[in-house]
Amino acid sequence: MSDFLQHKSQEEIEGWLRETDPERLKLLWAAADETRRRHVGDQVHLRGLIEISNYCIRACAYCGLRAGHGSVERYRLTRDEILSCAHKAVGFEYGTVVLQAGEDYGIKRDWLAEIIKTIKKETNLAVTLSLGERPDEDLIEWRTAGADRYLLRFETSDRALYERIHPPAKGQEISDRPAILRRLKQLGYEAGSGVMVGIPGQNYSILARDILLFQDLDLDMIGVGPFIAHPETPLGRGELESAPDGEQVPNTEGMTYKTVALTRLICPEANIPSTTALATINTALGRELGLSRGANIVMPNLTPPQYRALYEIYPAKACIDEAAEDCHACMKGRIRRIGRIPGTGPGGRKKGGIAPQ
Ligand code: 5AD
Ligand code: FES
């Protein structure tokens, strides 16, 4: 294992991303799994995902919830629906709920602050927010209300590619997500980010630099999943140029595992989910393989069934037809079958790693 990423350099990472020899890749999976075990242990933490609204003001070129996609029926959960999902999470012994939505200013600062306070008062749950690029005042008030963590994927470290896939809203400047992530950490949030693997225009050098930016930002959580083309979006329709042949990163399962494994090796202490997008491209084994190649988190869906199909960031998303109970049983089974342990407690990042076990 000693020759793995000795210099943590862009060239080394790029070399591994381009690796195709199955024997060499076996070494990569084993190194990532061993690093995962040593730094974050065998527990797999469960984060109950509540998709609280699918309204969005942004027009991200890859996402099915983008503002321009007129045929989506929009919904926003009520306070009581959110609280009832949170209580379900307690019943399932999850340590965390993730409140996720499009960038929806119908989610008002005070309204959400009251809900966060209530969850923190009535439960022991950690609360993670994933609500897009909100103003500082919102982030401060929600942190004061008790929110523990914030997820905001920077999607790509390459400025030019970022601009192509995130056209700024009218009258707005192009955003600087790494700067927002630094700000979130300053406010006392655990900060999570990530990228998609294989977006058109992403070349190997960009993806290697993405992984180095995870390290530079000292992220607490890092989510990576394959890009899945949504036909109602510019990226899904092939309207944006790919990198030249041999340079374009493919949006495959294998490339996603390589990215997960390298992320674990570069950021040994981070909490890394085996993502729903991975489970979508390999329903049978995607989650398990992610967990065996560096990941230590899963995010079972708690969204009430009648809303699930409407939260279609990409087509054929896993768990669309399941209820919270189904995902709960499914996830715990998958964790146990690969010899791991469902986590207990909030499962926040432990700086310096866990005590030896
Ligand atoms: N394919 C895969 N992942 C996607 N996301 C959004 N659209 C897609 C897609 N078409 C990811 C983005 C976003 C997260 C919530 O879902 O990385 O940050
Ligand atoms: Fe939802 Fe398996 S996690 S059905």
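Every number for a ligand or one of its atoms is a count from 1 in the order of the listing. Nothing fancy with the numbering, it's 1 onward along the sequence. Note that the coordinates shown come from a computational prediction; the quantities given were computed from them, not determined experimentally.
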Q | Heavy-atom nearest neighbour in the protein, as seen from atom 11 (C) of ligand 1, with distance rounded to 0.1 Å | A | R153 NH1, 3.7 Å
Q: Scan R134, R76, R74 and name whichever one has a side chain to side chain donor-acceptor pair (under 3.5 Å) with D104.
A: R76
Q) Can you find an N or O of Y62 that's nearer than 3.5 Å to an N or O of ligand 1? A) yes
Q. With atoms numbered from 1 as shown, which atoms in ligand 1 lie under 4.0 angstrom from a non-hydrogen atom of E155?
A. 12 (C), 13 (C), 17 (O), 18 (O)
Q.
Is there a side-chain contact between K88 and Y94 in this structure, where contact means two heavy atoms from C-beta onward sitting under 4.5 Å apart?
A. no
Q) Do the ring planes of F154 and F214 sit parallel (below 30°), tilted (30 to 60°) or perpendicular (above 60°)? A) tilted
(Q) If we set the cut-off at 4.0 Å for heavy atoms, which region of P226 has an atom near ligand 1: side chain, backbone, both, or neither? (A) backbone
(Q) Looking at Y204, I'd like to know if the NZ or CZ of R18 sits under 6.0 Å from its six-membered ring centre while staying within 45 degrees of the ring's axis. (A) yes
Q. Is it true that M196 lies under 4.0 Å from ligand 1, counting heavy atoms only?
A. yes
Q.
Would you call the rings of H69 and H230 parallel, tilted or perpendicular, taking 30° and 60° as the class edges?
A. perpendicular
Q. What heavy-atom pair brings G223 and R153 nearest, and what distance separates the two atoms?
A. O-NE, 3.4 Å
Q) Where is the nearest protein heavy atom to atom 1 (N) of ligand 1: which residue, which atom, and how far? A) I228 N, 2.9 Å
(Q) Check contact between G223 and ligand 1, using heavy atoms of the residue and a distance below 4.0 angstrom. (A) no
Q: Within a distance under 4.0 Å of any heavy atom of I313, pick out the atoms of ligand 1 and give their elements.
A: 7 (N), 10 (N), 16 (O)
